[in-house]
Each structure stands twice: as C-alpha cells, then as structure tokens.
Amino acid sequence: MHDAVWLNANLATMVGGYGAIKDGAIAVTGERVSWIGPRRDWKQAAKAEHDARGAWILPGFVDCHTHLVHAGSRAQEFELRLKGATYEEIAKAGGGIVSTVHATRAASEDDLLASAQKRLRQWQAEGAAVIEVKSGYGLDRETELRMLRVARRLTGVKVKTSFLGAHTVPEEFKGRADAYIEFVCEDVLPAVAREKLADAVDVFSERIAFTRGQTVWVFEAAKRLGLPVKLHADQLSDMGGAALAAKYRALSADHLEYTSESGVEAMARAGTVAVLLPGAFYFLHETRLPPISSLRRQGVPIALATDNNPGSSPLSSPLLAMNMACTLFRLTPEEALAGFTINGARALGMQDTHGTLEAGKAADFTLWDIESPGELAYAMGANPRIARAP
C-alpha cells in the first residue's frame, strides 16, 4: 500500500518535453514517487487520498547556480551602473566582489545563516526542491569554510554546495594571483574536502578573475580530491571557458554569452550542461546573447538559474528567471521549465533523483493553479503555487 496519492491532477512529468498526463494520479511511499500515470489506471490503494482539484503538478524546481550565502548589500553599485559605470570598472575600483568579501568576513556563522535562511523563503514560496549555494565571498580559509558550513545548515530545501574560492583575487594577494591560486589549491580546498563541505568546485574564469592556466590548476586539484567541477565561463569575453569545462567533463559551464561554436561542440561531446543566467544579463544591461541556436543544434542541455548574488543578479525568483529567459533569450516556456527541472538537476549531477516526475525519484513536487504549464513562464510577478507536496 502506498502512503499517499494525489488524484484528479494534471501532471507535467518533464520527461520528453512537458510530458503531460491529463487527469492523472501520483502516489508516494516514503520519500519517493511510487506510482504515476493516468487516473483511470490507478487500481491500487493508499493510506491517504488527496484531491488535486485539477491542479497541475510539476517537479520541484532546481536552482543550480546561486551565491545565496553572503553579508552586506551592493545597492550603491546599482546606482553607479545606472550612471554609466560598467561591472569591470566597479570591480577594478575596489567594488564588486571585494566589497562583499569585507562584509562576509566580518559576519558570524549565525548571522550568515539567518540572512541566507531569510532569502531562501522566496525559493520555498515558489516550490523549489533543490538549490545550489557557492562560497566565494570569503577568499580566506576560515570564511570560505564558514560559508560552506552555513550552506549545509540551511533548511527547507535540499542544498548542494560548490567551493568557489577562485572567485577573485583578495586584497591581501593583490598582484599575486598565482600565489592565491596556490593557497586555494594547497590549503583551502583540502580543508573543504576533509570536512566534506563541497559537492563540486567552481572557478570564475575571466579577464577580471582567473586565467585558463589558473583555472586548470584548480581543476587538477579538484580532480585529485575526487570532486567534480563547474565553471563561470565566457561571460565577458571568449577565453575558451566552455571548451575547458568540457575537457574536464564539468557538470556545467555557466553564463556563456561569448562562447564559440567550437566551445558548444565540445560541451555536447562531454555532456556538460549549459547554465544560462538571465538575471545577470538583465541586471548588467548585457547585449551579447548566449549562443542559443548553437546549443539547440548541438543538443546541449540548457539549464536556467537565478545566479542570486548581491552584485550582478539580486534575483530570488525562479518564476521570474523563466520569464526573463523567454523574453530576453527567446527560450520557449517548455525550455524554460526544463531549465529549472530536468536540466537544472543534470547541472548538479542529480538527474537520477530529481527534475522529473517518475517512479523511484524524489517525491518533491508542487501543485499549481494554472491552465497549462507554460503559464509559469508567462506571468511576471505571479506565484500561482497552491502547495508543496508531500
């Protein structure tokens, strides 16, 4: 006997597109989906029966790229950008990531937890099941470890963590980027691995961050420790980041505005997921679109994420991110939903447990008061969620 069943439901399984099952049923036993299909085929029994009243049920959203744990605000930089300053100009003047580093280093673990848990409410309100959280605002050993410990303590959704010690060069290593990368690889990353605080290792590979050679240095250190890698790639220029990520069979390459056709081809061969971040594109007034047509043509899975962070994407709504992806990048609503479900799960290596409604997968799904799944990418600012189940 199943623990519970939801009847009179419309199911967007996200298997092969929407994978719609009209007038369906979904049953749960323990923490897993134990049966799914048309209601007419439901001949079994459950301890509890729920009437979905015609609601659409979708897998819980997976946000595969956030910087949720941090202290401080960078609202002043927003004003500077509106007056014409660029992201790179602000960073070179001592703003950007470095300003958040100062605030984060000064914050206690409990303070960081309280602020991050408060931010997380928005994802919970919109039916998120999984959220990835990066470090990268400590840039010293103790604060990087503290950020990851905080991420592990977050409640309400499943959290995956990424170590992003190679986010930028801190002030104490100014002009000594190689020395900082050596510190990251020989000191901080091994400590992270010993405490099992990271599920993956990320690097910001860009003109204002780290070179290809420095990125390889970090990737090799991660490989020795048995940790998969991800990459902030080709956001501001084509440094061959996508191809490098593919070479190391990265879980994902993220941003990708300047990625070349050859980079896309390399990702396709490696099975590396493309993570598009429309919040940063919008907030920074970018005009160079990611290579959407190439990604489609090469069959590269396209995931979406909020990229929630205080400087370039203070976005905390998966629903709004889907709308942005459709309006700015011209994704279809089906592609946008796949970006926050099946492909978001792929970008975290969680495709066997999350991202679709299938028997054996995590029983973490959401009921929505909508007429069709595409409505979730349509209405700006709306949240038609009925309930998170079970």
Side-chain angles (χ1 to χ4, degrees), residues 1-63 117 120-131 154-159 317-320 322 333-334 336-345 348 350-379 381-390:
M1 179 177 287
H2 304 267
D3 288 344
V5 63
W6 281 257
L7 302 169
N8 189 23
N10 295 308
L11 306 168
T13 67
M14 300 311 299
V15 177
Y18 286 139
I21 301 175
K22 296 288 188 72
D23 192 14
I26 184 168
V28 168
T29 301
E31 298 181 351
R32 300 287 175 179
V33 173
S34 49
W35 192 93
I36 185 169
R39 180 167 56 157
R40 65 178 179 274
D41 294 340
W42 171 254
K43 309 296 183 184
Q44 304 181 43
K47 297 173 186 176
E49 286 193 1
H50 305 280
D51 185 354
R53 301 180 183 275
W56 277 90
I57 296 179
L58 277 81
F61 292 146
V62 179
D63 192 342
Q117 193 70 59
L120 189 56
R121 293 174 190 165
Q122 180 70 32
W123 282 265
Q124 292 175 274
E126 294 190 6
V130 181
I131 185 169
L154 291 168
T155 60
V157 301
K158 184 174 181 61
V159 175
S317 170
L319 292 172
L320 183 54
M322 284 191 283
E334 185 178 285
L337 275 171
F340 267 104
T341 53
I342 183 171
N343 290 337
L348 296 178
M350 301 178 70
Q351 63 270 25
D352 292 337
T353 59
H354 289 77
T356 59
L357 298 179
E358 297 180 83
K361 287 200 170 183
D364 201 336
F365 47 83
T366 303
L367 279 70
W368 301 93
D369 182 16
I370 51 177
E371 294 297 321
S372 67
E375 287 185 32
L376 294 177
Y378 157 69
N383 181 3
R385 185 180 73 97
I386 298 171
R388 178 134 166 241

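Start at 1 with the first residue, then count along the sequence.
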So which pairs with a foot in residues 44-54 pass salt bridge (Lys or Arg N to Asp or Glu O under 4.0 Å), sequence neighbours left out?
D3-K47
Where at least one partner belongs to residues 364-373, residue pairs that pass side chain to side chain donor-acceptor pair (under 3.5 Å), sequence neighbours excluded:
D364-R388
Under the salt bridge (charged side-chain N to carboxylate O under 4.0 Å, His left out) test, residues paired with D23 that sit two or more places apart
R39
Minimum heavy-atom separation for H354 to A362, with atom names?
NE2-CB, 3.6 Å
Going from CD on Q122 to CG on N383, what distance comes out if it is rounded to the nearest 0.5 angstrom?
7.5 Å
Do V28 and V5 come within less than 4.5 Å of each other through their side chains, counting heavy atoms only?
no
K158 meets the salt bridge (charged side-chain N to carboxylate O under 4.0 Å, His left out) criterion, sequence neighbours left out, with none
Should V130 and L348 count as side-chain neighbours, where that means a heavy-atom distance under 4.5 Å?
yes
Would you indicate whether the side-chain heavy atoms of W6 and F365 approach each other to under 4.5 Å?
yes
Could you tell me whether the side chain of L319 reaches within less than 4.5 Å of the side chain of L376, counting heavy atoms only?
yes
When every non-hydrogen atom of A55 is compared with those of I386, the smallest separation belongs to CB-CD1, 3.6 Å
Any heavy-atom pair between the side chains of V33 and E358 that's under 4.5 Å?
no
Measure across F61 and M322 and return the closest heavy-atom pair with its distance rounded to 0.1 Å.
CZ-CE, 3.7 Å
Taking the side chain as every heavy atom from C-beta outward, state whether I36 and L11 have any pair of such atoms under 4.5 Å apart.
yes
Kindly determine whether L7 and H50 satisfy side-chain contact (heavy atoms from CB on, under 4.5 Å), including the steps that lead there.
CA-CA 6 Å; L7 302 169; H50 305 280; over 6 Å; no
Just so I know, are the side chains of P373 and W56 near enough to count as touching, which here means a heavy-atom distance under 4.5 Å?
yes
In terms of ring plane angle, is the pair W42 and H2 parallel, tilted or perpendicular, where the classes change at 30° and 60°?
tilted
Where is the tightest heavy-atom contact between A9 and A52, given as atom of each residue plus distance?
CB-CB, 3.6 Å
Heavy-atom side-chain contact between W35 and I26 under 4.5 Å
no
Which residue pairs pass the side chain to side chain donor-acceptor pair (under 3.5 Å) test when at least one of the two sits in residues 9-18, sequence neighbours left out?
none
All heavy atoms of A128 vs all of V157, minimum pair found to be O-CG1, 3.4 Å
Could you pull out the closest heavy-atom pair between P384 and I370, with the gap in Å?
CG-CG2, 3.6 Å
Spatial distance of atom CD1 (I57) from atom CG (L367) [nearest 0.5 Å]:
4.0 Å
Between L58 and L357, does the side-chain contact (heavy atoms from CB on, under 4.5 Å) criterion hold? Intermediate values first, please.
CA-CA 7 Å; L58 277 81; L357 298 179; 5.6 Å; no
Return the set of residues passing side-chain contact (heavy atoms from CB on, under 4.5 Å) with Q351 (not counting sequence neighbours), or none when no residue passes.
R346
